[in-house]
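Hydrogens, waters and symmetry mates play no part in the numbers below; they use all other heavy atoms, side chains included. Order of appearance sets the numbers: ligands from 1, and atoms from 1 within every ligand.
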Amino acid sequence: MTDTPLLTVENLQTQFETDAGTVRAVDGVSFTVEHGEIVGLVGESGAGKSVAIRSLLRLINAPGRIVGGEVTFDGQTIIGFEDEPDADSEPVQCDEMLTESEMRSQIRGNEIALIFQDPMESLNPVFTIGEQLCEVIQINRGFSETEAREYAIDTLREVGIPQPKERFDDYPHEFSGGMRQRVLIAMALGCQPKLIVADEPTTALDVTVEGQILDLVYDLQEKYDTSFLWVTHDMGIVAEICDRVNVMYLGEVVERAAVDDLFYDPQHPYTKALLNSIPRPDVAMSDLQPLEGTMPEPINPPAGCRFHDRCSDAREVCTRVHPDLKEVSDDGQCAACLKHDVFDAGYEASPVFTRGAASTEGSARE
Ligand SMILES: Nc1ncnc2c1ncn2[C@@H]1O[C@H](COP(=O)(O)OP(=O)(O)OP(=O)(O)O)[C@@H](O)[C@H]1O
Ligand code: NI
């Protein structure tokens with residue numbers, strides 16, 4: 001119907017003010033989710049995945065603050081700032097931005113459904129599963145109580161809850177973790193959302209149950225054409241369900257690709273290292289290479305490319321020049337790495353970077 005993406009995130013920046021300094025958790029992140037697409041957001045722990053998705057739903061609390069960027073969803077402005085504020089002044093929110101009450105009534109749990117790792121974050125322990133599901137359905141569909149009950153039972157059956165009529169009156173604690181996660185998917189479906197945002201929803205589940213949930217997601221996406229934004233650090237899940245993937249490192253997206261391109265021809269050394277560190281059917285366990293080093297804290301992130309200190313391809317120029325995400329192939333694959341010609345940063349001529357040299361320079365500043 002329209003070529004505009006369902007969700008557009010542009011240059012999103014979220015920071016936390018702490019005693020140790022400003023944590024630049026999300027530092028200029030851009031990506032889109034098209035209609036009917038399953039998009040992955042991957043990266044190591046602390047990369048900024050959760051902060052990014054909480055930001056786009058405006059679920060950031062103090063000391064956190066969204067300081068810049070634009071998020072539009074289905075023609076509505078979720079986040080927007082006035083152009084060019086003075087360098088010193090506070091960013092000013094633009095007039096088009098949805099109000100908090102509009103976010104609550106129209107967006108969250110309605111047009112965009114959320115599924116978190118811990119289902120108890122979204123389920124109320126003192127109400128039955130059926131009551132909670134019916135409430136969502138009645139609010140979003142305008143069904144009568146009887147209609148809602150019937151619909152709720154059908155939905156529970158659809159997400160694979162056995163004996164849904166009997167389980168309807170159970171409380172959340174009477175369900176297993178996997179069953180609770182299915183209930184959340186049922187609730188998400190009850191809202192008929194355009195987008196489901198999921199933050200590592202299967203991490204706490206065993207592999208068999210995880211597989212069932214992923215199958216379910218796939219079926220639902222096919223059936224209802226729902227879009228998904230799926231946060232995970234598990235490349236296996238990415239391979240299984242995603243159409244496109246954004247790889248995050250230290251608050252930035254460093255690679256974006258269709259899932260096949262990402263696996264067969266990663267264009268950022270970080271993506272390559274991530275892929276080499278995970279078990280795969282085509283690679284012997286003994287050939288796996290653990291990702292060396294740890295990701296630095298997002299307070300005073302490293303200058304230049306933030307990955308340079310852990311990168312086997314790093315040159316001296318990588319310690320100085322910060323690469324933004326750029327298209328590096330004809331089919332739209334994007335990477336933020338100076339080794340690609342489009343950056344024209346003198347990478348080839350630059351001497352190989354030796355680890356340790358930069359840290360001396362860093363400490364000299366102190
Ligand atoms: N309330 C907070 N105060 C200070 N720093 C925070 C806060 N919440 C998150 N951060 C920091 O923001 C950065 C990004 O965190 P985030 O939770 O988004 O990572 P993640 O990619 O979701 O990791 P994981 O895979 O472990 O869930 C981290 O350095 C984290 O310490
Ligand atoms: Ni997270």
Select the closest option to atom 19 (O) of ligand 1 among Gly43, Pro298, Ala52, Gly46, judged by heavy-atom distance.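 Selected option, by shortest heavy-atom distance: Gly46.
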Is there a polar contact, in the sense of an N or O pair closer than 3.5 Å, between Lys49 and ligand 1?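 Yes, since at least one N or O of Lys49 sits under 3.5 Å from an N or O of ligand 1.
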Check whether the side chains of [X] and [Y] place a donor and an acceptor atom closer than 3.5 Å, and report yes or no.
{"X": "Glu44", "Y": "Tyr270", "result": "yes"}
{"X": "Asp265", "Y": "Gln267", "result": "yes"}
{"X": "Thr155", "Y": "Glu158", "result": "no"}

Aromatic Phe116 / basic Arg54 pairing, under 6.0 angstrom, 45° off normal: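 Yes.
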Kindly indicate whether a cation-pi arrangement holds for Arg180 with Phe175, taking the cut-offs as under 6.0 Å to the six-membered ring centre and within 45° of the axis.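 So Arg180 doesn't make the cation-pi contact.
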Can you tell me the protein heavy atom closest to [atom] and the distance?
{"atom": "atom 12 (O) of ligand 1", "result": "Ala25 CB, 3.2 Å"}
{"atom": "atom 26 (O) of ligand 1", "result": "Ser45 OG, 2.5 Å"}
{"atom": "atom 3 (N) of ligand 1", "result": "Phe16 CD2, 3.5 Å"}
{"atom": "atom 15 (O) of ligand 1", "result": "Val51 CG2, 3.8 Å"}
{"atom": "atom 11 (C) of ligand 1", "result": "Val23 CG1, 3.9 Å"}

So does Lys194 pair up with Asp74, basic N to acidic O under 4.0 Å?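 A salt bridge is present here (some side-chain N lies under 4.0 Å from a carboxylate O).
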Atom NE2 in His322, atom CZ in Phe343: separation rounded to 0.5 Å?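 Rounded to the nearest 0.5 Å, the NE2-CZ separation comes to 9.5 Å.
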Backbone or side chain, does Ser50 get an N/O/S atom under 2.8 Å to the Ni ion (ligand 2)?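 Looking at Ser50, which is the residue asked about, there is an N, O or S atom under 2.8 Å from the Ni ion (ligand 2).
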Please could you name the atoms of ligand 1 that Ser50 approaches to less than 4.0 Å, counting only its heavy atoms?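 Atoms satisfying the 4.0 Å criterion: 17 (O), 18 (O), 20 (P), 22 (O), 27 (O).
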With a heavy-atom distance limit of 4.0 Å, tell me whether Glu44 approaches ligand 1 through its side chain, its backbone, both, or neither.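 It is the backbone that touches ligand 1; the side chain stays farther off.
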So is Glu200 close enough to ligand 1, meaning a heavy atom under 4.0 angstrom away?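 The answer is yes, since Glu200 has a heavy atom less than 4.0 Å from ligand 1.
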Is atom 30 (C) of ligand 1 less than 4.0 angstrom from some protein heavy atom?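 False for atom 30 (C) of ligand 1.
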Connected via hydrophobic side-chain network under 4.5 Å: Ile299 and Val26: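 As far as the 4.5 Å side-chain criterion goes, Val26 and Ile299 are connected within one cluster.
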